[in-house]
Amino acid sequence: INRYVELLLPLCEQAGLAHRESVRVFDMGAGKGYLTFAAWHALTRSLGCRAEVTGVEARPELVELCNAAALAARCEGLGFVSGRIVDTAVPAADVLIALHACDTATDEALFRGIRAGAALIVAAPCCHQEVRPQLHAPVELATLARHGIFAERLSDMVTDSLRALLLEANGYSVKVFEFIDAGHTPKNTMIAAVRRAQPDATAAARAQAEFTALKARFGLVHQHLETLLASTAAEVVPAAPQS
(Lines give C-alpha, C1' and ligand atoms only; values in the text may rest on other atoms or scores of the structure.)
Protein backbone atom coordinates (compact mmCIF):
# COMPACT_ATOMS: atom_id res chain seq x y z
CA ILE A 1 0.00 0.00 0.00
CA ASN A 2 2.81 2.42 0.84
CA ARG A 3 4.48 1.75 -2.51
CA TYR A 4 1.15 2.12 -4.32
CA VAL A 5 0.65 5.55 -2.74
CA GLU A 6 4.25 6.58 -3.48
CA LEU A 7 3.54 5.94 -7.14
CA LEU A 8 0.14 7.63 -6.99
CA LEU A 9 1.59 11.06 -6.30
CA PRO A 10 3.86 11.34 -9.40
CA LEU A 11 1.04 9.87 -11.48
CA CYS A 12 -1.19 12.70 -10.24
CA GLU A 13 1.52 15.09 -11.43
CA GLN A 14 1.50 13.46 -14.87
CA ALA A 15 -2.28 13.74 -14.99
CA GLY A 16 -2.13 17.47 -14.25
CA LEU A 17 -3.72 17.17 -10.81
CA ALA A 18 -0.83 18.21 -8.57
CA HIS A 19 -1.75 21.89 -8.44
CA ARG A 20 -5.50 21.52 -8.28
CA GLU A 21 -7.31 23.08 -5.33
CA SER A 22 -9.34 19.89 -4.89
CA VAL A 23 -9.15 16.32 -6.18
CA ARG A 24 -12.06 13.86 -6.32
CA VAL A 25 -10.99 10.24 -5.80
CA PHE A 26 -12.84 6.91 -5.79
CA ASP A 27 -11.26 3.75 -4.36
CA MET A 28 -13.12 0.75 -5.73
CA GLY A 29 -13.23 -2.38 -3.55
CA ALA A 30 -11.88 -0.48 -0.55
CA GLY A 31 -11.98 -3.37 1.94
CA LYS A 32 -10.84 -2.16 5.36
CA GLY A 33 -9.79 1.14 3.82
CA TYR A 34 -6.02 0.98 4.24
CA LEU A 35 -5.36 2.30 0.74
CA THR A 36 -8.25 4.76 0.97
CA PHE A 37 -6.95 6.35 4.17
CA ALA A 38 -3.38 6.36 2.83
CA ALA A 39 -4.43 8.01 -0.45
CA TRP A 40 -6.43 10.66 1.40
CA HIS A 41 -3.48 11.41 3.69
CA ALA A 42 -0.98 11.59 0.82
CA LEU A 43 -3.12 13.87 -1.31
CA THR A 44 -4.00 16.12 1.62
CA ARG A 45 -0.55 16.33 3.20
CA SER A 46 1.83 15.88 0.24
CA LEU A 47 -0.11 17.67 -2.50
CA GLY A 48 -1.74 20.11 -0.12
CA CYS A 49 -5.09 19.89 -1.86
CA ARG A 50 -8.59 19.29 -0.58
CA ALA A 51 -9.05 15.59 -1.22
CA GLU A 52 -12.57 14.27 -1.53
CA VAL A 53 -12.04 10.52 -1.30
CA THR A 54 -14.80 7.91 -1.45
CA GLY A 55 -14.16 4.25 -0.70
CA VAL A 56 -16.62 1.83 -2.31
CA GLU A 57 -17.04 -1.52 -0.56
CA ALA A 58 -19.67 -4.25 -0.87
CA ARG A 59 -19.58 -5.30 2.80
CA PRO A 60 -21.68 -2.92 4.95
CA GLU A 61 -19.88 -3.84 8.17
CA LEU A 62 -16.56 -2.66 6.72
CA VAL A 63 -18.15 0.56 5.46
CA GLU A 64 -19.47 1.24 8.96
CA LEU A 65 -16.07 0.47 10.49
CA CYS A 66 -14.20 2.75 8.07
CA ASN A 67 -16.64 5.65 8.38
CA ALA A 68 -16.33 5.49 12.17
CA ALA A 69 -12.53 5.54 11.89
CA ALA A 70 -12.59 8.47 9.45
CA LEU A 71 -14.87 10.42 11.78
CA ALA A 72 -12.72 9.65 14.84
CA ALA A 73 -9.56 10.70 13.00
CA ARG A 74 -11.23 13.86 11.65
CA CYS A 75 -10.45 12.98 8.06
CA GLU A 76 -12.45 15.72 6.38
CA GLY A 77 -13.54 14.73 2.88
CA LEU A 78 -13.03 10.99 3.42
CA GLY A 79 -16.02 8.67 3.42
CA PHE A 80 -17.16 5.18 2.50
CA VAL A 81 -20.27 3.89 0.76
CA SER A 82 -21.69 0.40 0.49
CA GLY A 83 -22.29 -1.22 -2.88
CA ARG A 84 -20.90 -3.23 -5.74
CA ILE A 85 -18.46 -1.51 -8.06
CA VAL A 86 -20.57 -2.05 -11.17
CA ASP A 87 -23.65 -0.55 -9.46
CA THR A 88 -21.92 2.51 -8.04
CA ALA A 89 -22.65 5.79 -9.79
CA VAL A 90 -19.48 7.82 -10.35
CA PRO A 91 -20.77 11.08 -11.85
CA ALA A 92 -17.37 12.76 -11.79
CA ALA A 93 -13.90 11.70 -10.67
CA ASP A 94 -10.37 12.98 -11.08
CA VAL A 95 -8.76 9.74 -9.89
CA LEU A 96 -10.09 6.21 -9.76
CA ILE A 97 -8.03 3.53 -8.00
CA ALA A 98 -8.56 -0.18 -7.43
CA LEU A 99 -6.13 -2.38 -5.52
CA HIS A 100 -6.71 -6.11 -5.98
CA ALA A 101 -10.33 -5.93 -7.12
CA CYS A 102 -10.96 -9.60 -7.84
CA ASP A 103 -11.23 -10.89 -11.42
CA THR A 104 -13.80 -8.91 -13.46
CA ALA A 105 -14.28 -6.40 -10.62
CA THR A 106 -11.11 -4.80 -11.99
CA ASP A 107 -12.87 -4.43 -15.36
CA GLU A 108 -15.82 -2.82 -13.60
CA ALA A 109 -13.52 -0.36 -11.84
CA LEU A 110 -11.80 0.55 -15.11
CA PHE A 111 -15.21 0.98 -16.72
CA ARG A 112 -16.36 3.35 -14.00
CA GLY A 113 -13.17 5.40 -14.39
CA ILE A 114 -13.53 5.65 -18.16
CA ARG A 115 -17.22 6.57 -17.98
CA ALA A 116 -16.49 9.22 -15.33
CA GLY A 117 -13.74 10.74 -17.48
CA ALA A 118 -11.15 10.31 -14.72
CA ALA A 119 -7.86 12.04 -15.46
CA LEU A 120 -6.04 9.12 -13.80
CA ILE A 121 -6.97 5.45 -13.43
CA VAL A 122 -4.69 3.20 -11.39
CA ALA A 123 -5.44 -0.50 -10.91
CA ALA A 124 -3.55 -3.49 -9.54
CA PRO A 125 -5.49 -6.50 -10.92
CA CYS A 126 -6.08 -9.71 -9.01
CA CYS A 127 -7.39 -13.24 -9.58
CA HIS A 128 -7.56 -13.39 -13.39
CA GLN A 129 -10.27 -15.96 -14.04
CA GLU A 130 -12.34 -14.80 -17.01
CA VAL A 131 -9.86 -15.48 -19.81
CA ARG A 132 -8.35 -18.76 -18.58
CA PRO A 133 -11.32 -21.07 -19.44
CA GLN A 134 -11.62 -19.44 -22.88
CA LEU A 135 -7.94 -19.40 -23.82
CA HIS A 136 -6.97 -21.29 -26.96
CA ALA A 137 -3.34 -20.52 -27.70
CA PRO A 138 -2.42 -20.39 -31.41
CA VAL A 139 -0.39 -23.32 -32.73
CA GLU A 140 2.96 -21.57 -32.55
CA LEU A 141 2.35 -20.71 -28.86
CA ALA A 142 0.73 -23.98 -27.82
CA THR A 143 3.80 -25.14 -25.91
CA LEU A 144 3.58 -22.03 -23.71
CA ALA A 145 0.14 -23.10 -22.54
CA ARG A 146 0.89 -26.84 -22.22
CA HIS A 147 1.49 -26.65 -18.48
CA GLY A 148 -1.17 -25.23 -16.19
CA ILE A 149 1.05 -22.71 -14.42
CA PHE A 150 2.25 -21.27 -17.74
CA ALA A 151 -1.29 -21.18 -19.11
CA GLU A 152 -2.31 -19.16 -16.06
CA ARG A 153 0.52 -16.69 -16.54
CA LEU A 154 -0.26 -16.39 -20.24
CA SER A 155 -3.91 -15.75 -19.39
CA ASP A 156 -2.88 -13.03 -16.93
CA MET A 157 -0.76 -11.33 -19.59
CA VAL A 158 -3.49 -11.54 -22.20
CA THR A 159 -6.11 -10.21 -19.76
CA ASP A 160 -4.12 -7.15 -18.73
CA SER A 161 -2.94 -6.48 -22.29
CA LEU A 162 -6.58 -6.39 -23.40
CA ARG A 163 -7.43 -4.01 -20.57
CA ALA A 164 -4.54 -1.70 -21.47
CA LEU A 165 -5.60 -1.65 -25.12
CA LEU A 166 -9.20 -0.76 -24.25
CA LEU A 167 -7.98 2.08 -22.06
CA GLU A 168 -5.86 3.35 -24.95
CA ALA A 169 -8.83 3.01 -27.29
CA ASN A 170 -10.82 5.20 -24.91
CA GLY A 171 -8.44 8.12 -24.76
CA TYR A 172 -5.73 7.14 -22.27
CA SER A 173 -1.97 6.76 -22.34
CA VAL A 174 -1.17 3.55 -20.49
CA LYS A 175 1.76 2.01 -18.65
CA VAL A 176 1.78 -1.52 -17.26
CA PHE A 177 4.58 -2.38 -14.85
CA GLU A 178 5.60 -4.25 -11.69
CA PHE A 179 5.11 -1.83 -8.82
CA ILE A 180 6.55 -3.91 -5.98
CA ASP A 181 8.76 -6.97 -5.62
CA ALA A 182 6.99 -10.32 -6.03
CA GLY A 183 8.31 -11.32 -2.60
CA HIS A 184 5.70 -9.01 -1.07
CA THR A 185 2.81 -10.15 -3.25
CA PRO A 186 2.53 -11.92 -6.62
CA LYS A 187 -0.36 -9.55 -7.44
CA ASN A 188 2.09 -6.81 -8.27
CA THR A 189 1.14 -5.62 -11.75
CA MET A 190 0.03 -2.00 -12.00
CA ILE A 191 -2.01 -0.54 -14.83
CA ALA A 192 -1.66 3.26 -14.84
CA ALA A 193 -3.73 5.23 -17.33
CA VAL A 194 -3.51 9.00 -17.82
CA ARG A 195 -6.19 10.62 -19.94
CA ARG A 196 -4.74 12.31 -23.01
CA ALA A 197 -4.97 16.09 -23.00
CA GLN A 198 -6.11 15.97 -26.62
CA PRO A 199 -7.97 13.11 -28.36
CA ASP A 200 -5.79 10.97 -30.64
CA ALA A 201 -8.10 9.22 -33.07
CA THR A 202 -5.23 7.38 -34.76
CA ALA A 203 -3.89 5.94 -31.50
CA ALA A 204 -7.39 5.02 -30.36
CA ALA A 205 -8.19 3.23 -33.62
CA ARG A 206 -4.88 1.35 -33.57
CA ALA A 207 -5.47 0.19 -29.98
CA GLN A 208 -8.98 -0.97 -30.82
CA ALA A 209 -7.70 -2.93 -33.83
CA GLU A 210 -4.96 -4.53 -31.72
CA PHE A 211 -7.53 -5.45 -29.05
CA THR A 212 -9.74 -7.16 -31.64
CA ALA A 213 -6.78 -9.02 -33.13
CA LEU A 214 -5.43 -10.20 -29.75
CA LYS A 215 -8.85 -11.36 -28.61
CA ALA A 216 -9.33 -13.34 -31.82
CA ARG A 217 -5.79 -14.72 -31.72
CA PHE A 218 -6.47 -16.47 -28.42
CA GLY A 219 -10.02 -17.50 -29.29
CA LEU A 220 -11.73 -15.35 -26.68
CA VAL A 221 -15.49 -15.02 -26.89
CA HIS A 222 -16.02 -12.33 -24.27
CA GLN A 223 -14.08 -9.80 -22.23
CA HIS A 224 -15.95 -8.03 -19.46
CA LEU A 225 -14.58 -4.50 -19.88
CA GLU A 226 -15.42 -4.63 -23.59
CA THR A 227 -18.98 -5.75 -22.74
CA LEU A 228 -19.41 -2.91 -20.25
CA LEU A 229 -18.07 -0.30 -22.67
CA ALA A 230 -20.45 -1.54 -25.35
CA SER A 231 -23.44 -0.86 -23.10
CA THR A 232 -25.23 2.40 -23.90
CA ALA A 233 -25.62 3.31 -20.22
CA ALA A 234 -24.10 2.40 -16.89
CA GLU A 235 -26.56 -0.39 -16.20
CA VAL A 236 -25.42 -3.62 -14.60
CA VAL A 237 -23.88 -6.05 -17.07
CA PRO A 238 -23.20 -9.37 -15.32
CA ALA A 239 -19.84 -10.99 -15.87
CA ALA A 240 -19.90 -13.97 -18.21
CA PRO A 241 -19.88 -17.43 -16.61
CA GLN A 242 -16.40 -18.80 -15.90
CA SER A 243 -17.11 -22.28 -17.26
Side-chain angles (χ1 to χ4, degrees), residues 7-20 22-26 28 85-86 88-98 101 104-125 128 130-131 134-135 138 141 154-179 189-237 239-240:
L7 292 168
L8 182 63
L9 294 177
L11 287 169
C12 284
E13 291 262 6
Q14 294 174 32
L17 300 172
H19 304 293
R20 292 273 296 274
S22 64
V23 177
R24 188 83 169 98
V25 181
F26 280 81
M28 297 305 209
I85 294 171
V86 74
T88 302
V90 184
D94 297 307
V95 181
L96 186 136
I97 57 180
T104 53
T106 290
D107 296 293
E108 292 163 3
L110 297 177
F111 168 70
R112 285 301 175 199
I114 292 170
R115 279 288 187 266
L120 174 63
I121 301 173
V122 188
H128 303 67
E130 183 188 30
V131 165
Q134 303 179 65
L135 190 75
L141 298 179
L154 182 59
S155 297
D156 292 356
M157 291 175 61
V158 171
T159 299
D160 289 332
S161 294
L162 291 171
R163 289 167 171 164
L165 288 168
L166 283 176
L167 285 163
E168 291 174 359
N170 283 273
Y172 289 82
S173 297
V174 182
K175 296 186 294 185
V176 181
F177 56 96
E178 182 180 271
F179 74 94
T189 297
M190 178 175 281
I191 301 174
V194 175
R195 193 178 63 206
R196 297 189 185 99
Q198 298 295 329
D200 188 335
T202 301
R206 180 173 61 248
Q208 186 63 55
E210 290 176 349
F211 171 88
T212 301
L214 181 60
K215 184 182 168 190
R217 190 66 170 156
F218 285 91
L220 306 182
V221 177
H222 52 79
Q223 198 283 330
H224 195 46
L225 179 56
E226 179 189 30
T227 302
L228 290 166
L229 290 169
S231 63
T232 57
E235 69 271 19
V236 176
V237 180

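The heavy-atom pair separating I85 from A101 by the smallest distance is CD1-CB, 4.3 Å. Nearest heavy atoms, V194 versus A15: CG1-CA, 3.8 Å. Between L228 and D107, the closest heavy-atom pair is CD1-O, 4.0 Å. Residues A192 and F177 share a closest heavy-atom pair of CB-CE2, 4.1 Å. What you find for V90 and A93 is that their closest heavy atoms are CG1-CB, 3.8 Å. Shown here for P125 and H128, the closest heavy-atom pair between the two residues is CB-NE2, 3.7 Å.
Side-chain atoms of Q223 and L225, non-hydrogen and from C-beta on, do get closer than 4.5 Å to each other. When side chains are defined from C-beta on, L220 counts as touching V158, because their heavy atoms get closer than 4.5 Å.
Remark: the backbone N or O of E168 is paired with a side-chain donor or acceptor of R196 at under 3.5 angstrom. Using a distance-only test at 3.5 Å, with no hydrogens or angles considered, a donor-acceptor pair links the side chain of R112 to the main chain of V86.
With sequence neighbours excluded, the residues satisfying salt bridge (Lys or Arg N to Asp or Glu O under 4.0 Å) with D160 are R163. For N170, there are no side-chain hydrogen bond (donor to acceptor under 3.5 Å, both in side chains) partners at least two apart in sequence or on another chain.
In this structure, L96 CG and M28 CE are separated by 5.0 Å, a value rounded to the nearest 0.5 Å. For the atom pair OG1 (T106) and NE2 (H224), the distance works out to 10.5 Å, reported to the nearest 0.5 Å. Here Y172 contributes atom OH and L165 contributes atom CG; the two are 15.5 Å apart, rounded to the nearest 0.5 Å. To the nearest 0.5 angstrom, M190 atom CE is 8.0 Å from L8 atom CG. L7 contributes atom CG, which lies 11.0 Å from atom SG of C12 (distance to the nearest 0.5 angstrom). Here the straight-line distance linking atom OG of S161 with atom CG of L166 works out to 11.0 Å at 0.5 Å rounding.
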Verdict with reasoning, L229 to R115, per side chain to side chain contact (heavy atoms under 4.5 Å, CB included): CA-CA 8 Å; L229 290 169; R115 279 288 187 266; 3.9 Å; yes

Take L167 and I121 through the test side chain to side chain contact (heavy atoms under 4.5 Å, CB included) and record every step on the way to the result. CA-CA 9 Å; L167 285 163; I121 301 173; 4.0 Å; yes

Show, in sequence, the C-alpha distance, side-chain angles and deciding distance for V25 and D94, and conclude whether the side chain to side chain contact (heavy atoms under 4.5 Å, CB included) test is met. CA-CA 6 Å; V25 181; D94 297 307; 5.9 Å; no

Please report the C-alpha distance between V122 and I191 in whole Å, then the side-chain angles of each, then the deciding distance to 0.1 Å, and finally whether the side chain to side chain contact (heavy atoms under 4.5 Å, CB included) criterion is met. CA-CA 6 Å; V122 188; I191 301 174; over 6 Å; no

What donor-acceptor contacts under 3.5 angstrom involve side-chain atoms of residues 206-216, with partners at least two apart or in another chain?
{"residue": "T212", "atom": "OG1", "partner": "Q208", "partner atom": "O", "Å": "3.1"}
{"residue": "K215", "atom": "NZ", "partner": "E226", "partner atom": "OE1", "Å": "2.6"}

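Judged purely by distance below 3.5 Å, without hydrogens or angles, the side chains of H222 and E130 pair a donor atom with an acceptor atom.
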